[in-house]
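These notes are about the structure you will find just below.
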Amino acid sequence: MNNMRKIERDVKMTDTKITARSVNVHYGDTHAIKDVDVNIADKTVTAFIGPSGCGKSTFLRCLNRMNDTIDICRVTGEIKIDDKDINHKSVDPVQLRAQVGMVFQKPNPFPKSIYDNIAYGPRIHGLSKSKSELDEIVERALRRGAIWDEVKDRLDQPGTGLSGGQQQRLCIARAVATEPEVLLMDEPCSALDPIATAQVEELIDELRQDYSVVIVTHSMQQAARVSQKTAFFHLGNLVEFNDTGEIFTNPSDPRTESYITGRIG
Amino acid sequence: MTDITNAPAVPRKATSTELVAASLKRRRRKQIRLQWIGLGAISIAFLMLFILVASLVSTGWQAFTQTHVTLEVYVDPEEVPEDRLPRGGFRDVLGASMGQMLPDVDMSARETARAVEGILSNGAQFELRDRVVADPSLIGQTFTMTVPVSDPYDQLNKGLIERETEEVNRRVKDNEIAWFDTLADSGAISKPFNWGLFTNADSRFPELAGLKGALVGSFWALLTCFLISFPLAIGAAIYLEEFAPKNKLSDFIEVNINNLAAVPSVVFGLLALAVFIGWFGMPRSAPFVGGLTLALMTMPTIIIATRAALKAVPPSIREAALGLGASKQQVVFQHVLPLAMPGILTGTIIGLAQALGETAPLLLIGMNAFITSAASSPFDSSTALPTQIFIWADSPERGFVSRTSAAILVLLGFLVTMNAIAIYFRQKFERKW
């Protein structure tokens, strides 16, 4: 029984959700991402690790075109989600971002009620036709964000009044409320204490069943705990991309080895 | 080791701890000196403010009361025939009742009668006329009426005309003082709060002059100014801050908006005179044109405040909304603008407070005209608070001296209130991120 499930999961992991080919990012004169090729699998947690300033967050932000909002940022190369080029003229970044949700480093709930925080995405995308339908979406999202039990009695209170860990789970719930296919997480636990971190990590593992999760993290332990695939970035290059187990036990590149053993970083 | 102990005694270099200790005293002295200078500067500023307010209050407080005389008025049907009511001899009716209150005075001499009638304000006969016209059944009746006294007697009652002054140098003669004292002794003289200061429009007679016209004019001008500058300035600020490409042109516009905020107001007045009145043929002295002119001045202030408020909204909120798939326009109008609103309102109120006190542009478009009725629309001729102060300060009658100060106090009251509202907004809605 156990074996069967494992096989099933392995098969699913081979489905590629995102393919990136020779992606380059320039910030003005700075060459932030250099010729990155990567395949990100569906229903998998992929971790991006690397020292500060290595470009892992920049690359993550390419996947939902958040870099578009920065004037001096220039992205070249090809990124496809489900074989569709996301940088193509016909793709509206607004639509893309509904498909590719994002959770940020610092919990950033809107200064509105918990309900309105969750309902905002479904509202602007017109995902619900009635109030009761919206209520359902909000409840489902909060359950997915593993925060429903904590906030179900105070949905009308401001989201900013929650604790840091709750705020971050609220933000995750907000991101899944628009039913995305990919969930990007930019160091989602760096502002949280260890207990909140553990809760969020558990949540990430659950979310893997439905989404392709890409997480940027500073913590190698976190990458090892939550991800199945790990990409190591260094100075804008994707140095190594492999199964998480392989990266941490048997890295093929000397730079990866130096990083995970703490010699560079 | 031995080398060191046997070495010739060189002058020991001071350690850094000793050096720090030596400099400490000097540094502390400097700091204390700076604190005293700062304290001195603030004290001088406060002293100046105190002198300003004290001098205004000391001259202005008298204008908040007005001497009145209470009369028994008999509306003689012979003087006021019912068929030509509005043109009746109301002045003679009042003269007759004054004569009754001063029985010792021989009213048959025409000059004396005029002088006695002169105790009453010129407005008294019109007040009586209005009452009788409104209620013709008063003809033939006797009733009591309280009317303002004319300015010299008001001054006398308030002690601003001193009885010790030689008669030739005094506006109120000895016999007139005697009449007034007779009235005062009979209890007919009172000094209630001067509601006329707020309910009357301007007048040639100080005892009748009030700020209503100026308040109404300022209200229309500020309303026009707000309705035009607020949406335009916020629109401009949102475009510049959120949508405009950052290039040479937007830099140029930004520099010029900052310059515009520093342009002397009289220049805007000249511009308004040439463009609004000269070119578009808008009416002179109209609060609407004044409001347009003030809007030109207020706009840069609001633009700058709005841009600062928009900038202060943390990028994390924008990213959160963008990350959910909100369009740029949705991010701005659903998240950034509501969060920036307190800052925008604060800037707007401060801009409007500036506009309220602005005089020079209003002088140039003729809002310093002598107008004795309050404007009923923004297109009627009117004065505004600062220009009314300007007119009164220029008037020769003694009564206008205290009224000018009182008007300044009223203007300052409005300014302080507006700034207090701005501070309230800032404190109430200030957000910690």
Side-chain angles (χ1 to χ4, degrees), chain A residues 57 60-61 63-72 91-112 116-127 141 158-160 167-168 170-180 182-186 191, chain B residues 237-255 306-346 424-433:
Chain A
S57 284
L60 187 80
R61 293 165 63 95
L63 301 179
N64 67 346
R65 288 179 60 180
M66 280 297 271
N67 288 328
D68 287 15
T69 59
I70 301 163
D71 284 337
I72 55 163
V91 175
D92 189 336
V94 166
Q95 196 189 352
L96 175 70
R97 288 176 199 141
Q99 190 189 358
V100 183
M102 188 158 187
V103 176
F104 297 86
Q105 183 170 359
K106 218 180 107 201
N108 54 357
F110 300 129
K112 302 179 180 208
D116 286 337
N117 261 282
I118 305 294
Y120 182 69
R123 268 187 194 137
I124 58 171
H125 297 301
L127 297 185
T160 41
Q167 286 190 13
Q168 194 62 301
L170 179 70
C171 291
I172 293 171
R174 182 176 68 186
V176 300
T178 55
E179 308 280 348
V182 180
L183 203 52
L184 308 179
M185 297 185 159
D186 192 354
Chain B
I238 289 175
Y239 177 73
L240 286 173
E241 194 58 41
E242 304 284 340
F243 295 102
K246 300 275 173 284
N247 55 25
K248 287 242 168 66
L249 180 67
S250 58
D251 285 349
F252 178 76
I253 291 173
E254 175 161 6
V255 167
T306 304
R307 293 190 68 177
L310 291 173
K311 251 186 215 140
V313 174
S316 66
I317 294 294
R318 294 164 204 267
E319 287 200 320
L322 280 174
L324 282 174
S327 67
K328 180 90 203 190
Q329 173 263 331
Q330 284 170 324
V331 172
V332 171
F333 285 94
Q334 294 172 352
H335 295 281
V336 178
L337 199 56
L339 292 175
M341 231 359 142
I344 296 173
L345 287 181
T346 307
Y424 173 77
F425 269 122
R426 196 159 47 209
Q427 305 240 320
K428 173 143 193 232
F429 296 106
E430 196 177 42
R431 214 172 254 290
K432 300 266 189 295
W433 300 98

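Each chain gets a letter, A, B and so on, in the order its sequence line appears, and its residues count up from 1.
Residue contact with chain B, scored on non-hydrogen atoms closer than 4.5 Å, is absent for A/Val103.
With respect to chain B, the highest number of heavy-atom pairs below 4.5 Å among A/Lys112, A/Gln95, A/Met102 belongs to A/Lys112. In terms of heavy-atom pairs under 4.5 angstrom with chain A, the leader among B/Gly325, B/Pro338, B/Pro245 is B/Gly325.
Sequence neighbours left out, the pairs with a member in residues 321-343 of chain B that pass ring-ring contact (aromatic ring centres under 6.0 Å, His included) are A/Phe110-B/His335, A/Tyr120-B/His335.
Within 6.0 Å of atom CZ in B/Phe243, more than 12 heavy atoms from other residues, nucleotides or ligands are found, so the atom counts as buried in its surroundings.
Listed by chain and residue number, nothing satisfies the salt bridge (Lys or Arg N to Asp or Glu O under 4.0 Å) test with A/Asp186 (two or more places apart in sequence, or in another chain).
Closest heavy-atom contact between A/Ile124 and B/Leu324: CD1-O, 4.4 Å. The nearest pair of heavy atoms linking B/Ala320 to A/Arg174 is CB-NH2, 3.3 Å.
Here the side chains of B/Ile317 and A/Pro111 are in contact, with some heavy-atom distance below 4.5 Å.
A salt bridge does not link B/Glu319 to A/Lys106: none of the charged nitrogens lies less than 4.0 Å from a carboxylate oxygen.
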